[in-house]
A.B. asks: 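Sharing a structure with you now.
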2 protein chains.
Amino acid sequence: MPQLPSPAKPTIGDVAAKAGVTKATVSHAFSGRRPISEATKARVFAAAEELQWLPSASARALATRRANAIGIVLARDPEIIASDTFFPAFIAGVESVLATAEVALVLQVAGSRDAEERAYRAMASGRADGVIMLDLHRADWRVPYVHQLGLHGVVLGAYDAPSPFTCVRTDDATPMAEIVAHLRGEGHTRIAHVAGPLDYVHSHVRSQAYLAAVGSEDLLAEGDFGAASGRDRTAELLALPDPPTAILYANDTMAIAGLSYARSIGLSVPGDLAVAGFDDDHLSAHLSPALTTVATDPIERGRVCAEALLADIAGEPARTIQLDCNRLQLRASTQVQPTLQGEER
Amino acid sequence: MPQLPSPAKPTIGDVAAKAGVTKATVSHAFSGRRPISEATKARVFAAAEELQWLPSASARALATRRANAIGIVLARDPEIIASDTFFPAFIAGVESVLATAEVALVLQVAGSRDAEERAYRAMASGRADGVIMLDLHRADWRVPYVHQLGLHGVVLGAYDAPSPFTCVRTDDATPMAEIVAHLRGEGHTRIAHVAGPLDYVHSHVRSQAYLAAVGSEDLLAEGDFGAASGRDRTAELLALPDPPTAILYANDTMAIAGLSYARSIGLSVPGDLAVAGFDDDHLSAHLSPALTTVATDPIERGRVCAEALLADIAGEPARTIQLDCNRLQLRASTQVQPTLQGEER
DNA sequence: TCCGAGAATCAAACCGGTTAACGTCACCAC
DNA sequence: GTGGTGACGTTAACCGGTTTGATTCTCGGA
């Protein structure tokens, strides 16, 4: 492979010299912030093209005090990230709006609270103009912290205290109630729930909705969204003297693991045990029985969060956005009689 | 929420003034590139602490000509990203080494070839010092392109032409041969393979290994790694006059979809049909039957790629790294008799 | 004829760091 | 004394853009 003779990247000065103008003119020609004659513009563009000039992102960032990037700090254990079906889709949604705005996405994984603070400080030091905060906790410390750092921000989830940031909320309670109603319609009376960690806002909301619908916390268990915990909580529930006939999981990963466990001990699904998940993992429609779940459209969530953040950075005031992107997917894992719902293609 | 009076971020100049020294001294005190007396250092650090000074990433990037960031451009359809189990784990591995090096990760999703080129140019314009290239194609255009842009790089996968970049390779052929041997040992003679898109290097390698072991391409089908294609290819294979008794899939997503399809038409697994996947999705060990597959340790791959890239950026010469991270996981989906292999905890 | 306005461009300051070159001063050997 | 050396700081240039305040030129109107 021919070792390149280090082409010495051209700068705006080189372009200006080649076009016979000054740096300022080149800048104006591209930004359009001052009128430049068509003739000069043409010369400038030609020179830039010929030199293959790319404006330096860091120089521009320094001069404009804009990183032209947004950040996401993931405070999760790498192993959990690996098993997370939400995150990549969310990113895809975010990127779909960033791409057209020429804004980059900076990602950081932080294992500890300390690493997390460092990550946000790094963002604030000029790596990003704003951040999207996921996996909201109740009274999340990040909201005041990020605000004090002078960053723009958007939170995904219900933040109850007054927030300086735009807040993108979804209604997870309604689909939970719908599932319970559906299971009741199928004749179930002992309906259990395997929740996610209850200090997450979304886990909490889902379990509250479950409690409201069922009226008892006898059959409420707390998992951690991982497959192993789905299996273990299921084993515990099924070992009860009066075990549930239906289990509602806070995500599909736990539901699938639970479903498999139930079958491995000889139960039939949905005959002996009805199973429902949450999230609509890409596999859930392709299992047998296909899994009843709630499609949460993470791509759409990503898109809306990114748009809200760009708006915030552009100076628009913070607001609350209510998203309606949850869709109940009734499938075979909760109904003995096949329906002709037809949401599967 | 109290509107902050725009704290006017402190600069190195403010710190210098407060400590009664010049900017250069502050810089040296922190970088240690010139000796500074303990007394002065203490004053500088105190001033920085008091002012909550964070050095500006963009100013530093401009001055040092280093972005202190690396990039990954994902050339995939958002829908496919969403169903990808490899990617988040890989990212987690990458981050685990970046975090300690204070290097950021810039992500870009590019839907088209054109967008992809733009993304790499953006990286080259100072957003990143180097990139990791995934999903290598045979004779991938990105290798010369990225090199010409003056970026550092690492490719994951077997690039056969001489490459200016460090190349991280894995041996996917051996586990494929092992699975075939294992299936033969179970008595199977009609063994099919549902490959991924064959223009990907890794799909190609896997299918070649399959062909070498089986000796016929009668039962080779090409999928796209998505669940739907796993189901459809399976349906086609099982509809053959002389259908296979074992199917080997290029990833777990297709395998799980295929397995479910087989069961939905009344076949038992592994009794009537043995099924094996590739990747060891987080769910695979928790299905019933648990899925025989190959654990590919994407976290480790990410870690090694990131280390190699940082080394390259630091000026070390490119090299080829052979990774041994594939582990065959024999589970119930391919063996009628339960074994006591015990690799499951 | 002279003035004012607007268009097009230039020159220079500025963003916030890093770094090469240079100045001091103290100390030591000869 | 003289010269050399190392430690510690300072000055000023530089990185590659953007932006602001002149400057020049043209043209229309009073």
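Chain letters run A, B, ... following the sequence lines, proteins first and then strands; every chain starts at 1.
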A.B. asks: Checking side-chain contact (heavy atoms from CB on, under 4.5 Å) for the pair B:Asp135/B:His202: CA distance, chi angles, key distance, verdict?
C.D. replies: CA-CA 8 Å; B:Asp135 295 330; B:His202 53 287; 3.9 Å; yes

A.B. asks: Whole angstroms only, please: what is the CD1-C1' distance between B:Ile36 and D:dG6?
C.D. replies: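 Whole-Å distance recorded here is 14 Å.
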
A.B. asks: How long is the line joining CG of A:Leu62 and C1' of D:dC14, in whole Å?
C.D. replies: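 These atoms are roughly 12 Å apart.
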
A.B. asks: Over how many whole Å does the gap from B:Arg66 atom CZ to D:dC14 atom P extend?
C.D. replies: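 In whole Å, D:dC14 P lies 22 Å from B:Arg66 CZ.
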
A.B. asks: Side chain of B:Ser37, heavy atoms from C-beta onward: which of C:dG17, C:dA11, D:dG9 has the nearest atom to it?
C.D. replies: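 Nearest listed nucleotide: D:dG9.
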
A.B. asks: To the nearest Å, give me how far apart CD1 (B:Ile12) and C1' (C:dC14) are.
C.D. replies: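 Taking atom C1' of C:dC14 as the reference, CD1 of B:Ile12 is at 16 Å.
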
A.B. asks: Test for a donor-acceptor pair under 3.5 Å between the base of C:dT9 and the side chain of A:Arg34, counting only N and O atoms.
C.D. replies: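 It does, because a donor-acceptor pair links the side chain of A:Arg34 to the base of C:dT9 below 3.5 Å.
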
A.B. asks: Closer to the 5' end of DNA chain C via nearest nucleotide, is it B:Ser58 or B:His28?
C.D. replies: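 Closer to the 5' end of DNA chain C: B:Ser58.
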
A.B. asks: Hey, are the side chains of B:Val94 and A:Val109 touching, using non-hydrogen atoms and a 4.5 Å cut-off?
C.D. replies: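 No. Closest side-chain heavy atoms not under 4.5 Å.
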
A.B. asks: Under 4.0 Å, heavy atoms only, any strand: does A:Thr40 hit a base, just the sugar-phosphate, or nothing?
C.D. replies: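 Result for A:Thr40 = sugar-phosphate.
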
A.B. asks: Identify whether any heavy atom of B:Ser56 sits under 4.0 Å from a base atom; if not, whether one sits that close to sugar-phosphate; answer base, sugar-phosphate or nothing.
C.D. replies: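 Sugar-phosphate, backbone atoms only, no base.
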
A.B. asks: With respect to the side chain of B:Pro35, which nucleotide from D:dG17, D:dC8, C:dA8 is positioned closest?
C.D. replies: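 Per side-chain heavy atoms of B:Pro35, the pick is D:dC8.
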
A.B. asks: Can you check the B:Lys23 NZ to D:dT11 C1' distance for me, whole Å?
C.D. replies: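 So the NZ-C1' distance, B:Lys23 to D:dT11, works out to 11 Å.
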
A.B. asks: Within this structure, what is the CZ-to-P distance between A:Arg60 and C:dC14, rounded to whole angstrom?
C.D. replies: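 Taking atom P of C:dC14 as the reference, CZ of A:Arg60 is at 22 Å.
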
A.B. asks: With a 4.5 Å limit on heavy-atom distance, are the side chains of A:Tyr159 and A:Met133 in contact?
C.D. replies: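 Heavy-atom side-chain distance check fails, nothing below 4.5 Å.
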
A.B. asks: Closest nucleotide of DNA chain D for B:Thr22 versus for B:Ala59: which of these residues is on the 5' side?
C.D. replies: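 Upstream on the strand: B:Thr22.
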
A.B. asks: So, does B:Trp53 get its side chain near the phosphate of C:dG16, meaning an N or O under 4.0 Å from OP1 or OP2?
C.D. replies: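 Checking C:dG16 against B:Trp53, no side-chain N or O comes under 4.0 Å of OP1 or OP2.
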
A.B. asks: Among C:dT9, C:dG16, D:dG17, which nucleotide has an atom closest to any side-chain atom of A:Thr25?
C.D. replies: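 Selected nucleotide (nearest to the side chain): C:dT9.
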
A.B. asks: So B:Val26, base contact, sugar-phosphate only, or nothing? Heavy-atom distance under 4.0 Å.
C.D. replies: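 Nothing, no nucleic acid heavy atom in range.
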
A.B. asks: Between A:Gly130 and A:Ile313, what is the shortest heavy-atom contact and its length?
C.D. replies: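 Heavy atoms of A:Gly130 and A:Ile313 come nearest at N-CD1, 4.1 Å.
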
A.B. asks: Write down the distance between CZ (B:Arg65) and P (D:dC14), rounded to a whole number of angstrom.
C.D. replies: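 Checked: the CZ to P distance equals 11 Å.
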
A.B. asks: Nearest whole angstrom, please: distance from the P of C:dT9 to the CZ of A:Arg43.
C.D. replies: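 Distance check: A:Arg43 CZ to C:dT9 P gives 7 Å.
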
A.B. asks: Would you say that more than 12 heavy atoms from the other residues, nucleotides or ligands in this model lie under 6.0 Å from the CD of B:Gln322, or not?
C.D. replies: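 Yes, enclosed.
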
